[in-house]
Amino acid sequence: VRDGMRPIEVSQVDGVFLEKNMCNNWDKIWNFQAKPDDLLIASYPKAGTTWTQEIVDLIQNNGDIENSRRAPIHLRHPFLEWVRNSFSGIDEANAMPSPRTLKTHLPIQLLPPSFWEKKCKIIYVARNAKDNMVSYYYFQTMNKGLPDPGSWDEYFETFMSGKVMWGSWFDHVKGWWKKKDSHPILYLFYEEMMKDPKREIRKVMEFLGKNLKEEVLDKIVNNTSFAVMKNNPMTNYINDIEMNHSLSPFMRKGVVGDWKNQFTEDQNKRFNEDYEKHMADTSLSFFEEL
Ligand SMILES: Nc1ncnc2c1ncn2[C@@H]1O[C@H](COP(=O)(O)O)[C@@H](OP(=O)(O)O)[C@H]1O
Ligand SMILES: CCc1ccc(OS(=O)(=O)O)cc1
């Protein structure tokens, strides 16, 4: 597939749509050598990745705000599979001293096997499909490093068929959910993070084996709020040359239930029917409003 309007070509690895550069570099990605003390943050795109990254970074830095503002978030945590011009997430990760925190959007079956072999800790964050779809639509609108989404109605079909970058939302969230029973994976939900951020931040802290004082946790809650991250140039991607924030800001709304402003009644009905079928074989469930 070639997107004529943008400098991007899309291809597939094992039936999952990925940028062509990633597919051409697939051997290098697949053979990436993880280390036992690597921490991986994994997610479907637009599920709350950046939010989770900032929480993790602040916990690792014992709540030191200045330290977490040392660099934009994408430089603090290499985006493993991303390849662009001279940039390679794998090269960035290989050049980084340990302990490393890495980011990926790969579905479970495409994660380099060394992460399993080295028993690396993984934090996965998931978001309800409807809000995730709306957020992804606006992100593809503003990010010319991703395919043009077309109209909302067109995108609705594309998303439902899983023909988006990093593949089907359904396969992604279900695959990672299943794996958590046999591997150290902390599975977070965007909606739970919205409902009780301190409780979820504490979970991350415990998973990382840290013990921070209450006041430090409160500081992390405040500094990872939507409002603070939206104004923080180290988390809001304001200087990313591929993103046009005037079309839609990276830090867009940051709420649960925004899908109600986007889905038509018909789309909601169709979505719910398909959803039932796709999710019949999993114990995983989501809140789509708070
Ligand atoms: N601190 C925060 N609190 C709540 N939502 C946040 C957040 N930081 C980012 N987000 C939201 O998370 C989504 C981006 O996810 P990712 O980091 O995986 O790309 C966007 O959702 P919306 O587009 O719904 O606003 C963004 O606004
Ligand atoms: C186009 C590069 C890019 C940047 C960020 C992405 O997703 S997320 O913000 O981490 O969810 C995806 C692609």
Side-chain angles (χ1 to χ4, degrees), residues 13-18 29-30 34 38-53 55-56 77 79-81 101-136 139 159-197 199-208 256-257 259 271-290:
V13 174
D14 289 348
V16 176
F17 284 83
L18 293 175
I29 296 169
W30 184 249
D38 285 342
L39 173 72
L40 182 68
I41 298 173
S43 61
Y44 192 74
K46 313 319 288 174
T49 325
T50 315
W51 189 10
T52 307
Q53 287 177 262
I55 288 170
V56 163
H77 303 151
F79 186 0
L80 208 59
E81 64 272 24
T101 298
L102 310 168
K103 158 186 152 178
T104 187
H105 288 318
L106 289 172
I108 194 96
Q109 71 276 19
L110 297 186
L111 190 74
S114 64
F115 283 100
W116 310 128
E117 289 154 15
K118 299 288 172 9
K119 299 187 170 46
C120 300
K121 283 187 186 177
I122 301 177
I123 298 177
Y124 185 83
V125 58
R127 186 179 195 183
N128 81 78
K130 292 177 184 174
D131 283 331
N132 207 142
M133 186 196 301
V134 173
S135 182
Y136 206 174
F139 189 53
F159 187 95
M160 291 307 281
S161 66
K163 291 182 180 164
V164 285
M165 295 265 281
W166 291 284
S168 149
W169 177 91
F170 299 98
D171 294 345
H172 212 285
V173 297
K174 286 195 295 182
W176 281 95
W177 179 251
K178 202 166 173 199
K179 189 74 181 177
K180 76 175 181 13
D181 298 333
S182 57
H183 190 92
I185 295 173
L186 177 67
Y187 200 105
L188 299 174
F189 294 91
Y190 182 98
E191 295 74 23
E192 299 291 346
M193 290 163 69
M194 287 295 289
K195 211 187 305 174
D196 192 342
R199 181 191 63 204
E200 298 305 299
I201 290 171
R202 196 191 302 278
K203 268 190 205 166
V204 176
M205 177 192 80
E206 286 168 359
F207 184 70
L208 298 182
V256 180
W259 62 271
F271 179 96
N272 290 341
E273 284 163 9
D274 277 19
Y275 189 85
E276 290 290 310
K277 290 181 207 144
H278 280 293
M279 301 298 274
D281 60 350
T282 180
S283 57
L284 178 59
S285 65
F286 288 85
F287 291 102
E288 52 185 52
E289 56 193 320
L290 288 185

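In this chain, residues are counted from 1 in sequence order.
Put simply, the side chain of I122 does not reach to within 4.5 Å of the side chain of F207, judged on heavy atoms. Residues T104 and L110 have side chains not in contact (no heavy-atom distance under 4.5 Å, counting atoms from C-beta outward). Between F271 and M133 the shortest side-chain heavy-atom distance falls below 4.5 Å. With contacts defined as side-chain heavy-atom distances shorter than 4.5 Å, the pair V16/P107 qualifies. Proximity of V164 to F17: side-chain heavy atoms (C-beta onward) are nowhere separated by under 4.5 Å. Within the 4.5 Å cutoff, the side chain of F286 has no heavy atoms near those of the N132 side chain. Using a 4.5 Å cut-off on side-chain heavy atoms (C-beta onward), L102 and L39 make no contact. Under the 4.5 Å side-chain criterion, counting only non-hydrogen atoms from C-beta, M193 is in contact with V125.
Here NE2 of H77 is found 11.0 Å from OG1 of T52. Values are rounded to the nearest 0.5 Å. Separating the CG atom in L106 from the OG atom in S43 is a distance of 10.0 Å, to the nearest 0.5 Å. A distance of 5.0 Å separates CD in Q53 from NZ in K103, rounded to the nearest 0.5 Å. In this structure, CD in E200 is found 13.5 Å from OH in Y190, a value given to the nearest 0.5 Å. Summarising the geometry, atom CD1 belonging to I41 is positioned 9.5 Å from atom OG1 belonging to T50; distances are rounded to the nearest 0.5 Å. Annotation: the span from Y187 atom OH to D181 atom CG amounts to 11.5 Å, rounded to 0.5 Å.
Within 6.0 Å of NZ on K163 lie no more than 12 heavy atoms contributed by other residues, nucleotides or ligands. Annotation: E273, atom CD; neighbour count of heavy atoms from other residues, nucleotides and ligands within 6.0 Å is above 12. Within 6.0 Å of NZ on K178 lie no more than 12 heavy atoms contributed by other residues, nucleotides or ligands.
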CA sep, side-chain torsions, deciding dist, call: V204, I123, side chain to side chain contact (heavy atoms under 4.5 Å, CB included): CA-CA 8 Å; V204 176; I123 298 177; 3.8 Å; yes
Intermediate values then yes/no, side chain to side chain contact (heavy atoms under 4.5 Å, CB included), D14 and Q109: CA-CA 9 Å; D14 289 348; Q109 71 276 19; 5.7 Å; no
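By the 6.0 Å and 45° rule, K46 stacks over the aromatic ring of F139. A cation-pi arrangement is not found for K118 relative to W116, the charged atom failing to lie both closer than 6.0 Å to the ring centre and inside a 45° cone about the ring normal.
The pair K121-D38 does not count as a salt bridge, with every side-chain nitrogen at least 4.0 angstrom from each carboxylate oxygen. A salt bridge links E192 to R199: one of the charged nitrogens lies within less than 4.0 Å of a carboxylate oxygen.
Under the 30°/60° scheme for interplanar angles, the aromatic rings of H105 and F79 are found to stand perpendicular. Note on ring orientation: taking the six-membered ring where Trp is involved, the planes of Y124 and W176 are parallel (angle under 30°, cut-offs 30° and 60°).
Inspection of the N128 and E191 side chains reveals an N or O donor paired with an N or O acceptor under 3.5 Å.
The shortest non-hydrogen separation linking K195 to L290 is CE-CD2, 4.0 Å. Shown here for F189 and S285, the closest heavy-atom pair between the two residues is CE2-O, 3.8 Å. V256 approaches M194 most closely through the heavy-atom pair CG2-CG, 3.7 Å. Listed here is the closest heavy atom pair of A34 and S114: N-OG, 2.9 Å. The nearest pair of heavy atoms linking E81 to I29 is O-CD1, 3.8 Å. Among all heavy-atom pairs drawn from P112 and W30, the shortest one is CB-O, 3.5 Å.
Under the side-chain contact (heavy atoms from CB on, under 4.5 Å) criterion, E206 pairs with R202, not counting sequence neighbours. Scored by the ring pair (Phe, Tyr, Trp, His ring centres under 6.0 Å) test, F287 finds no partners at all (sequence neighbours excluded). Remark: D274 engages M160, R270, K277, H278 in a side-chain contact (heavy atoms from CB on, under 4.5 Å) (not counting sequence neighbours).
Judged by distance alone, with hydrogens and angles left aside, the side-chain atoms of T282 form a donor-acceptor pair with the main-chain N or O of L284 at under 3.5 Å. Under a 3.5 Å cut-off, the side chain of S135 and the backbone N or O of D131 do not form any donor-acceptor pair. Judged by distance alone, the side chain of Y44 and the main-chain N or O of G167 form a donor-acceptor pair under 3.5 Å. One N or O on the side chain of S168 and one on the backbone of D171 form a donor-acceptor pair closer than 3.5 Å.
Taking the six-membered ring where the residue is Trp, the centroids of Y136 and W169 are separated by 6.0 Å or more. The distance between the ring centers of H172 and W166 does not fall below 6.0 angstrom.
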